Amino acid sequence: MSLRNRLVMATTLWREATDEPLPKLPAGDPAEQIQEFELRVVELLCREATPDNAREVADKTWDLVHDRPETDPVKRRVEACHEELARLGRRELGE
């Protein structure tokens with residue numbers, strides 16, 4: 001059930017962020033496939049972020065990982081993304 005919820009959240013974020021079709025992932029372990037997809041979603045959202053939507057992107061990406069351990073690769077990428085988003089947000093404020 002946890003993997004299904006993760007997939008639904010990542011798919012929703014992907015569809016909100018782009019008109020591109022869902023990425024094709026190589027066959028393999030479902031948990032690894034979902035993790036790879038989540039990483040792609042986080043990359044897409046962070047890459048497309050602007051000063052105007054940086055806070056929204058931060059909130060959405062945090063929703064993916066807030067309850068995961070610190071060692072989770074997706075959580076670590078989200079935390080790095082948040083540092084980038086904070087810089088974008090400061091630019092909006094003229095800092």
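The residues of the chain are indexed from 1 along the displayed sequence. The model shown is predicted, which means the values in this text are computed figures rather than measured ones. Atom set for the values below is all heavy atoms of this structure, side chains included, hydrogens, waters and symmetry mates excluded.
In this structure, R68 contributes its side chain and L64 its backbone to a donor-acceptor pair below 3.5 Å. Side-chain atoms of R76 come within 3.5 Å of backbone N or O of T71 as a donor-acceptor pair. Judged by distance alone, the side chain of W14 and the main-chain N or O of E20 form a donor-acceptor pair under 3.5 Å. Under the 3.5 Å distance criterion, the side-chain polar atoms of T11 are left unmatched by any main-chain donor or acceptor of V8.
Counting heavy atoms from C-beta on, the side chains of H66 and K75 never come closer than 4.5 Å. Here the side chains of E32 and E36 are not in contact, with every heavy-atom distance at 4.5 Å or above. Annotation: side chain of V42 is in contact with side chain of V74 (closest heavy-atom distance under 4.5 Å). A 4.5 Å side-chain heavy-atom check between Q35 and L39 finds at least one atom pair inside the cut-off.
When all heavy atoms of A27 and Q33 are compared, the pair lying nearest together is CA-NE2, 3.7 Å. Closest of all the heavy-atom pairs between A49 and V57 is CB-CG2, 4.2 Å. H82 approaches A58 most closely through the heavy-atom pair NE2-O, 3.1 Å. Shown here for A10 and E38, the closest heavy-atom pair between the two residues is CB-CG, 4.0 Å.
How far CG of D72 is from CG of D67: 9.5 Å, rounded to the nearest 0.5 Å.
Taking a 6.0 Å sphere around CZ of R40, one finds it holds more than 12 heavy atoms contributed by other residues, nucleotides or ligands.
A donor and an acceptor atom, one from each side chain of N5 and S2, are nowhere located under 3.5 Å apart.
The residues K60 and E16 are annotated as salt-bridged, a charged nitrogen and a carboxylate oxygen being separated by less than 4.0 angstrom.
When the side chain to side chain donor-acceptor pair (under 3.5 Å) test is applied to E43, the partners found at least two apart in sequence or on another chain are R77.
Checking V65, L45, D63, L85 one by one against V78, the side chain to side chain contact (heavy atoms under 4.5 Å, CB included) holds for a single residue, V65.
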